[in-house]
Amino acid sequence: MRIQLDFITFNTSYNPNHKPILLSSPFGSKMVAENNNNKEVTLSASMENNMKGTNVHLEVHQKEPALVKPESETRKGLYFLSNLDQNIAVIVRTIYCFKSEERGNEEAVQVIKKALSQVLVHYYPLAGRLTISPEGKLTVDCTGEGVVFVEAEANCKMDEIGDITKPDPETLGKLVYDVVDAKNILEIPPVTAQVTKFKCGGFVLGLCMNHCMFDGIGAMEFVNSWGQVARGLPLTTPPFSDRTILSARNPPKIENLHQEFEEIEDKSNINSLYNKEPTLYRSFCFDPEKIKKLKIQATENSESLLGNACTSFEALSAFVWRARTKSLKMLCDQKTKLLFAVDGRAKFEPQLPKGYFGNGIVLTNSICEAGELTEKPLSFAVGLVREAIKMVTDGYMRSAIDYFEVTRARPSLSSTLLITTWSRLGFHTTDFGWGEPVLSGPVALPEKEVTLFLSHGEQRRSINVLLGLPASAMDVFQEQFLQI
Ligand SMILES: COc1cc(/C=C/C(=O)SCCNC(=O)CCNC(=O)[C@H](O)C(C)(C)COP(=O)(O)OP(=O)(O)OC[C@H]2O[C@@H](n3cnc4c(N)ncnc43)[C@H](O)[C@@H]2OP(=O)(O)O)ccc1O
């Protein structure tokens, strides 16, 4: 029973009525709901950072939510979620902006809604509701109730939304639908969708999806399949739905240290710094030239790395971890943790089937003292990142699954940087018949410890690093970025 309570308590923080972490905490919100009875609602927010530099007051009028059910009868009953799914039951909000010269937005709602009912036949658990199984675990009750779908209209043109390459929940939050009055995540459907039509003929698809249903690769495959159905095409990657292939072993065997769960003491009072100063959110663009320079710096002064190229991820994550640690002025003996997700699909033995629709990612970590990290050359941090990647084997992932089975612990974010990399996720290829999105991305960063890597620019060869830091620390981080 303790397990259940922990789980529900943790996730209540995502309840929109309890100042959810994703929407409200770091950014604050000037959102005004003129009506919250789950019927028609007008949301408004002032935008000052729009692309045209004018001050636009975005108003989004949401119609009454509807339920989109699978087009034909689908399997009913409880649907197993693995421990990799259970461990990560948080809401991820994303938007996809479409604008076609050839096609207006008149049919957008109808086309996207119909395609949703068709794709749900393949992805039937998404039409169900989260519940707790008799064993006390998060599971899906495949009720076929349907995805919550909202049609909305904005009072402006799409290019007045602002710079969505930087998450901005105050504005972008109007473009996704949050269930009103949910007391915990069990009361939030696994997926909600909103289509907002703009005055220019463009539209935005806003999605709220629970991470327990899919990881980045799974989410991308779902959204792309939905687009294929909308264009009358067969699915290139039908989902593989049986998650019991990632069941815990019986009896569980914990064979690794799993320091991802270690709670580190905040000796440097980082939390009070965050409380004292406003948190600034910035996006740093690493273009191919900057990545090349960083890769050279990342292998300098190292016998083991010298002459060995490192990857963009290794160089970037090492740089961000080290620069953030310096910026936050962590004490020399302060332990600091790096956490990041590794796609385990090809590393499981046997590897996960193509189209595996649940979470195939595992968090890996590295811990060291801040003094060592910041005083040693960048190549030291690169070495730690590389070791953390190497640590992820079939044995490590099965041990992580079993660890969660026994402890129900969640990874700790104290004195931690959590990097989540979306740079190779093909959300930009989603096409519902209006071409690829002109822009796509997250609505917000979920926690102050999270940094997001997103692809950007020409041929998507640049990487945008999004992060939030207390104002004084952000200046120091920026200086280090400019010195590359
Ligand atoms: C719920 O609704 C959602 C959810 C979400 C999003 C959720 C998530 O964020 S889940 C986490 C998503 N992230 C991952 O799954 C990470 C995947 N990446 C890895 O696992 C990587 O292996 C790594 C651990 C990060 C390490 O990466 P790296 O050091 O770069 O090593 P490799 O990947 O092996 O690359 C080395 C080298 O190979 C070439 N290469 C690899 N892949 C590609 C590619 N796709 N295209 C081209 N080239 C490739 C390349 O040369 C690499 O070297 P570079 O120096 O060029 O990088 C969202 C939305 C929702 O609704």
Side-chain angles (χ1 to χ4, degrees), residues 14 22 81 84-85 87-96 123 126 147 167 176 185 188 190-193 205-224 226 286 288 290-292 294-296 298-299 308-318 320 338-348 352 356-366 382-393 396-397 418-430 437 440-447 450-455 459-463 466:
Y14 289 88
L22 273 173
L81 296 178
L84 299 185
D85 301 317
N87 203 5
I88 197 167
V90 297
I91 307 292
V92 179
R93 295 166 171 83
T94 46
I95 56 166
Y96 307 81
Y123 283 90
L126 301 181
V147 164
V176 292
I185 60 142
I188 302 176
V191 176
T192 75
L205 172 65
L207 297 176
C208 286
M209 312 216 277
N210 195 313
H211 212 314
C212 69
M213 300 310 296
F214 13 52
D215 60 16
I217 293 175
M220 172 193 77
E221 287 175 352
F222 165 65
V223 178
N224 284 337
W226 185 359
F286 290 77
K290 203 139 188 126
I291 294 175
K292 198 170 149 196
L294 191 64
K295 281 183 172 181
I296 293 169
T299 50
N308 272 320
C310 70
T311 69
S312 306
F313 176 81
E314 287 168 342
L316 267 176
S317 50
V320 175
L338 173 70
L339 277 181
F340 58 92
V342 176
D343 175 25
R345 284 169 171 70
K347 295 177 191 249
F348 277 108
L352 297 185
Y356 181 78
F357 134 51
N359 285 276
I361 51 163
V362 176
L363 281 182
T364 187
N365 75 90
S366 181
V382 171
L384 295 182
V385 173
R386 191 169 282 185
E387 274 170 36
I389 297 174
K390 222 168 107 193
M391 186 159 79
V392 181
T393 58
Y396 176 88
M397 295 186 289
L418 168 55
I419 294 180
T420 169
T421 168
W422 293 15
S423 47
R424 296 241 165 80
L425 301 179
F427 289 111
H428 56 280
T429 60
T430 300
S440 62
V443 167
L445 285 176
E447 305 268 7
V450 175
T451 291
L452 196 57
F453 291 179
L454 292 171
S455 62
Q459 295 177 313
R460 313 196 75 79
R461 284 169 61 231
S462 302
I463 297 180
L466 311 179

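Both ligands and their constituent atoms are indexed starting at 1 by order of listing. Keep in mind that the numbers below use all heavy atoms, side chains included, and drop hydrogens, waters and symmetry copies.
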Please answer whether the main-chain N or O of [Y] pairs with a side-chain N or O of [X] as donor and acceptor at a distance below 3.5 Å.
{"X": "Asn359", "Y": "Ile361", "result": "no"}
{"X": "Glu314", "Y": "Thr311", "result": "yes"}
{"X": "Asn210", "Y": "Met213", "result": "no"}

Distances under 3.5 Å, N/O of ligand 1 against N/O of the protein: list each pair and its distance.
residue  : atom   : partner : partner atom : Å
ligand 1 : 9 (O)  : Thr420  : OG1          : 2.9
ligand 1 : 9 (O)  : Trp422  : NE1          : 2.7
ligand 1 : 13 (N) : Thr421  : O            : 3.0
ligand 1 : 20 (O) : Asp343  : N            : 2.7
ligand 1 : 29 (O) : Thr311  : OG1          : 2.6
ligand 1 : 42 (N) : Arg424  : NH1          : 3.3
ligand 1 : 55 (O) : Lys295  : NZ           : 2.7
ligand 1 : 55 (O) : Ser312  : N            : 2.9
ligand 1 : 55 (O) : Ser312  : OG           : 3.0
ligand 1 : 57 (O) : Ser312  : N            : 3.4
ligand 1 : 57 (O) : Ser312  : OG           : 3.2
ligand 1 : 57 (O) : Arg424  : NH2          : 2.9

Checklist entry - Are the side chains of Ile389 and Phe340 in touch, meaning some heavy atoms are under 4.5 Å apart? => result yes
Next on the checklist: Please enumerate all residues that pass side chain to side chain contact (heavy atoms under 4.5 Å, CB included) together with Lys390, with sequence neighbours excluded.
Outcome noted: none
Next on the checklist: Tell me whether the rings of Phe214 and Phe357 are parallel (<30°), tilted (30 to 60°) or perpendicular (>60°).
Outcome noted: tilted
